[in-house]
Amino acid sequence: MITILNSDFIRLNLAEELNEQLNIAEVFSFKIGNVKIGFDEATVVSWIIIAALAIISILLTRNLKVTGKLSKRQLLLELAYTKGEEFFKGLMGEKVYKYIPWLMSMALFIGVSNIIGLFGMKPPTKSMQVTAAMAITSIVLVEYCAFKEKGFLGRIKAFTKPIWVITPINILEVFTKPLSLCMRLFGNVIAAFTIMELIKAVVPMVVPVVLSLYFDIFDGLLQAYIFVFLTALYVQEAVETEEETKKRKQKKKLKRHSKKAAKAA
């Protein structure tokens with residue numbers, strides 16, 4: 001009987017905790033005429049993250065030098081940026097290199113948003129409106145690049161490739177890609193949070209602390225990586241012609257063969 005009561009008590013507390021954490025409450029609102037404009041926790045925390053990242057960026061990039069002895073701070077910043085740039089250059093062609101800083105900024109925002117819970121704030125990515133907004137922004141960028149590089153008629157013609165029969169499917173992808181980005185990020189953040197709450201309810205404190213290194217930090221950063229990785233691939237696919245795609249695949253094959261030959265030697 002006691003065991004049953006304890007089980008019911010844990011289940012009740014867990015349900016209340018999940019409900020409280022997943023509920024995105026309104027922080028403040030105001031009226032313009034008869035229209036009420038409200039701002040919830042996800043929006044406010046997003047503002048805080050953006051402001052914090054902006055301030056940190058300004059502080060870290062002050063007094064940078066082009067010549068002379070470089071500080072350790074500048075060397076570290078240049079190393080981090082170079083590694084990030086090299087990663088995206090491996091995914092994207094020269095046509096879209098200029099969007100790399102935007103992708104890196106999005107990765108920073110999503111990464112910090114996913115781990116902000118460690119500082120006592122609700123991650124904005126627990127709100128579908130935030131993940132949906134980022135996904136829509138990404139697809140708008142993808143379509144902008146496609147229309148800019150291929151022209152209006154070229155982009156419309158691309159929907160008929162490789163054969164005209166699958167045109168409806170290609171058009172549907174314009175809507176399914178942002179939906180996929182949104183639901184993948186939102187679902188993984190919610191799943192990680194729910195699993196951690198379940199673990200905290202049934203095991204000693206030491207185990208949740210260890211597992212939080214994965215679910216709260218590693219998994220949060222991993223989801224940021226996946227989001228920008230897919231966005232970069234979508235942008236690359238949108239601007240490439242068939243000939244460029246074939247050349248890129250051939251280059252990758254040659255690199256793989258050369259690596260295998262080097263290992264064999």
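Ala146 pairs by the side-chain contact (heavy atoms from CB on, under 4.5 Å) definition with Arg155, Ala238, not counting sequence neighbours. Partners of Ser71 under the side-chain hydrogen bond (donor to acceptor under 3.5 Å, both in side chains) rule, at least two apart in sequence or in another chain, do not exist in this structure. Checked against ring pair (Phe, Tyr, Trp, His ring centres under 6.0 Å), Trp102 has no partners two or more places apart in sequence or in another chain. For Glu149, there are no salt bridge (Lys or Arg N to Asp or Glu O under 4.0 Å) partners two or more places apart in sequence or in a different chain. Partners of Thr125 according to the side-chain hydrogen bond (donor to acceptor under 3.5 Å, both in side chains) rule, which considers only residues two or more places apart in sequence or in another chain, are Asn114. With sequence neighbours left out, the side-chain contact (heavy atoms from CB on, under 4.5 Å) criterion links Tyr99 to Val96, Leu141, Tyr144, Cys145, Lys148. For Asp40, the side-chain hydrogen bond (donor to acceptor under 3.5 Å, both in side chains) partners at least two apart in sequence or on another chain are Thr43, Gln129.
With a 4.5 Å cut-off between side-chain heavy atoms of Ile, Leu, Val, Met, Phe, Trp and Tyr, the cluster of Val140 takes in Ile136. Counting side-chain heavy-atom gaps under 4.5 Å among Ile, Leu, Val, Met, Phe, Trp and Tyr, the cluster of Leu59 also holds Ile55. Alongside Leu172, the hydrophobic cluster contains no other residue (criterion: ILVMFWY side chains under 4.5 Å).
A continuous path of Ile, Leu, Val, Met, Phe, Trp and Tyr side chains, each step under 4.5 Å between heavy atoms, connects Trp47 with Phe109, placing both in one hydrophobic cluster. One hydrophobic cluster, built from ILVMFWY side chains closer than 4.5 Å, cannot hold both Met104 and Leu76; they sit in different ones. Two different hydrophobic clusters hold Leu70 and Leu60 under the rule that ILVMFWY side chains link at heavy-atom gaps under 4.5 Å. Linking Ile, Leu, Val, Met, Phe, Trp and Tyr whenever their side-chain heavy atoms come within less than 4.5 Å puts Ile50 and Met134 in one cluster. In the hydrophobic clustering of ILVMFWY residues, with side-chain heavy atoms under 4.5 Å counting as a link, Phe159 and Phe152 come out together.
The shortest non-hydrogen separation linking Ile139 to Leu181 is CD1-CD1, 4.3 Å. Listed here is the closest heavy atom pair of Leu53 and Val112: CD2-CG2, 4.1 Å. Taking both residues in full, the closest heavy atoms of Phe227 and Ser138 are given as CE2-OG, 3.4 Å, listed atom of the first, atom of the second, then distance. Of all heavy-atom pairs between Lys122 and Val45, the closest is O-CG1, 3.7 Å. Between Ile116 and Pro123, the closest heavy-atom pair is CG2-CA, 3.5 Å. Considering all non-hydrogen atoms of both residues, Ile49 and Ser113 come closest at CD1-OG, 3.5 Å.
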Using a 3.5 Å cut-off and no angle test, enumerate the donor-acceptor pairs between side-chain atoms of residues 27-34 and protein atoms at least two apart in sequence or in another chain.
{"residue": "Ser29", "atom": "OG", "partner": "Glu26", "partner atom": "OE2", "Å": "3.4"}

Only distances under 3.5 Å count here; give the side-chain donor-acceptor pairs of residues 77-88 to other protein atoms, sequence neighbours excluded, each with its distance to 0.1 Å.
{"residue": "Glu78", "atom": "OE2", "partner": "Gln74", "partner atom": "NE2", "Å": "2.9"}
{"residue": "Thr82", "atom": "OG1", "partner": "Glu78", "partner atom": "O", "Å": "2.6"}

Could you give me the CA-CA distance, side-chain angles and deciding distance for Ile110 and Gln223, then say whether side-chain contact (heavy atoms from CB on, under 4.5 Å) is met?
CA-CA 8 Å; Ile110 297 175; Gln223 296 311 315; 5.5 Å; no
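Going from atom CD of Glu237 over to atom CG of Leu230 covers 9.5 Å, rounded to the nearest 0.5 Å. Atom CD1 of Ile166 and atom CD1 of Ile171 lie 11.0 Å apart (nearest 0.5 Å). A distance of 8.0 Å separates OH of Tyr234 from CD of Glu173, quoted to the nearest 0.5 Å. With rounding to the nearest 0.5 Å, the separation of CG in Leu75 from NZ in Lys69 is 10.0 Å. Summarising the geometry, atom CD1 belonging to Ile48 is positioned 10.0 Å from atom CD belonging to Glu41; distances are rounded to the nearest 0.5 Å. Rounding to the nearest 0.5 Å places OG1 of Thr167 at 12.0 Å from NZ of Lys157.
Considering only heavy atoms from C-beta on, Val142 stays 4.5 Å or farther from Lys177 through its side chain. In this structure, the side chains of Val239 and Lys150 stay at 4.5 Å or more apart for every pair of heavy atoms.
Remark: Lys89 is positioned above the aromatic ring of Tyr97, its terminal NZ or CZ atom under 6.0 angstrom from the ring centre and at most 45 degrees off the axis.
Checked by atom type and distance alone, the side chain of Ser46 pairs as donor or acceptor with a backbone atom of Ala42 at under 3.5 Å. Using a distance-only test at 3.5 Å, with no hydrogens or angles considered, a donor-acceptor pair links the side chain of Thr131 to the main chain of Met128.
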